[in-house]
Amino acid sequence: MNFFEELEWRGLIKDVTDYDGLKEKLNNERIVCYCGVDPTADSMHIGHLQQIILLRRYQLAGHMPIALCGGATGTIGDPRPTTERRLITLDEVKHNVEGIKKQLEKFLDIKGGKAFLLNNYDWLGNMTLIDFLRDYGKHFNVSNMLAKDTIAKRLSTGISYTEFTYTILQAIDFLYLYKNYNCILQIGGSDQWGNLVSGTDLIRKVLGDEAKVFGVTSPLITKSDGSKFGKSEGGNVWLDPEKTSPYEFYQFLVNIADDDIINMLKKLSFMSKEEIETLEISLKEEPHLRLAQKALAKGLTLLVHGEEGFNQAVKITETLFKGDIKDLSVDELRVGLRDAKSFEINDGDLLIDALVNTKIIASKREVRELINSRSIQVNGVKVDNFEKVLTKEEAYDHEFIIIKKGKKNYFVLNFK
RNA sequence: GGAGAAGUAGCGAAGUGGCUAAACGCGGCUGACUGUAACUCAGCUCUCUACGAGUUCGGUGGUUCGAAUCCGCCCUUCUCCA
């Protein structure tokens, strides 16, 4: 199985500007390719992983990837299908670029010019309006731009001139990278198709047909239940351990539905066809072991959070799901619950008041309901009366109390 | 600017004077089952000092013993026309 066939098998090819041409190139030459990430936040989230990992695949296959951070395009905003974006401040963008660059470095081997990490602010940041209009704007026909899906969807609700222009900036990126890095391929999610085509069109118009460049999209990861991949109850699943702890990250992956896991292993892991097929058999014959989920969770947690993060995630998982917290030492509990939401309370507070004040539970009515159904635990013991008082006496190290709500929601209450 | 329709709990949607804290569906929470799942089943889902009480049906002012339900004004949304 050659590289291109592997990409197809993994389901990473949706649309290609020139299918046969690209296949030919990838199998016979070492090429330079790029993928852009706009700094809309100071961390990437799990949804970005597919493209970043894809860049890494290209690198492992002998090609040279460029990860492009959109320090300039990020100040404008890629038009969303629904509504106009809020402009983020230049300082915010700067801050976000730093965060994202740091993350990108982890996925690509950039030593010795084997990959590049670039910022389009370096060439777009100081362009004058006149240059923009004369050198690039002239190549874009507004009628064609209006027909593009991303723009067309917005025509009824309205779109600003700013966002309308976004695709031109991204096209300039491709041209710049082609000229300066001999980059001939842009990859992206299927939502980026319009922008990729803008780039290849611009290059053809400026440099003529002999400049042979390609764009290829991969399908966005979809879940069998139709919901969006990458969101958990708490919101986005971020790569930044400060925003989403390694434990939460690991948990998100371990909980992926059976119907989706094989597809995700193909797209998000570096496991071979044989390895994945073995897991597929396991999934059918011994689904309760969830070897497939655990394999993906391990692979990605190691990749994103390193060995330490992975070990921490597994340790916490075992503590909270398998063990009885009463059997654990105070120190083990501290580690295991580092990621649980914690709140401050006073010595002698009523349990009911503490739960409502900390917003762990919305109202006293609901607390009564939960206590009645015996689903509140304090330090591993089920609560059965409404007058329960929390004291330092019963706290671990006289410092904190562990609340368990339902089956797997843990909270830590610290005494002031 | 003109004509019409609509605004009910997180969402959708009943209700057109007292029996309505407001049917039903979705969503959410808890329990049983289980694989930390899916499915299924059961309970709960405005608040509280809780077998009772308080505050709700776009806003506001009325009518009435009594209003989400009737009337006036205002606000918002949608459709059609200019």
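Letters A, B, ... are given to chains in the order of the sequence lines, protein chains preceding strands, and every chain is numbered from 1. Computed from heavy atoms alone, side chains included, the values below leave out hydrogens, waters and symmetry copies.
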> For every nucleotide of nucleotides 34-45 of chain B, 5' to 3': is a protein heavy atom under 4.0 Å from its base (B), only from its sugar-phosphate (S), or from neither (-)?
Replying inline: BBBS------BS
> Can you pull the side-chain hydrogen bond (donor to acceptor under 3.5 Å, both in side chains) pairs that have at least one residue in residues 287-301 of chain A, sequence neighbours excluded?
Replying inline: A:Asp258-A:Gln293
> Taking only N and O in the side chain of A:Ser363, is any of them less than 4.0 Å away from OP1 or OP2 of B:rC48?
Replying inline: yes
>> Test: side-chain hydrogen bond (donor to acceptor under 3.5 Å, both in side chains). Region: residues 348-358 of chain A. Which pairs qualify, not counting sequence neighbours?
In response: A:Asp353-A:Lys364
> Do any of residues 306-316 of chain A sit with a heavy atom less than 4.0 Å from RNA chain B, and if so which?
Replying inline: none
> Residues in salt bridge (Lys or Arg N to Asp or Glu O under 4.0 Å) with A:Arg365, at least two apart?
Replying inline: A:Glu369
> Can you name the residues that form a side chain to side chain donor-acceptor pair (under 3.5 Å) with A:Lys25, not counting sequence neighbours?
Replying inline: A:Glu29
>> Once salt bridge (Lys or Arg N to Asp or Glu O under 4.0 Å) is applied, do any residues pair with A:Glu248, and if so which ones, sequence neighbours excluded?
In response: none
Using atom names, set out every protein N or O paired with an N or O of nucleotides 8-11 of chain B below 3.5 Å, distance rounded to 0.1 Å.
none

> Does A:Arg374 have any salt bridge (Lys or Arg N to Asp or Glu O under 4.0 Å) partners at least two apart in sequence or in another chain, and if so, which?
Replying inline: A:Asp384
> Tell me the ring pair (Phe, Tyr, Trp, His ring centres under 6.0 Å) pairs involving residues 376-401 of chain A, sequence neighbours left out?
Replying inline: A:Tyr396-A:Phe400
> What residues form a salt bridge (Lys or Arg N to Asp or Glu O under 4.0 Å) with A:Asp78, not counting sequence neighbours?
Replying inline: none
> Going by the side-chain hydrogen bond (donor to acceptor under 3.5 Å, both in side chains) test, which pairs reach into residues 1-16 of chain A, not counting sequence neighbours?
Replying inline: A:Glu6-A:Arg10, A:Glu8-A:Tyr19
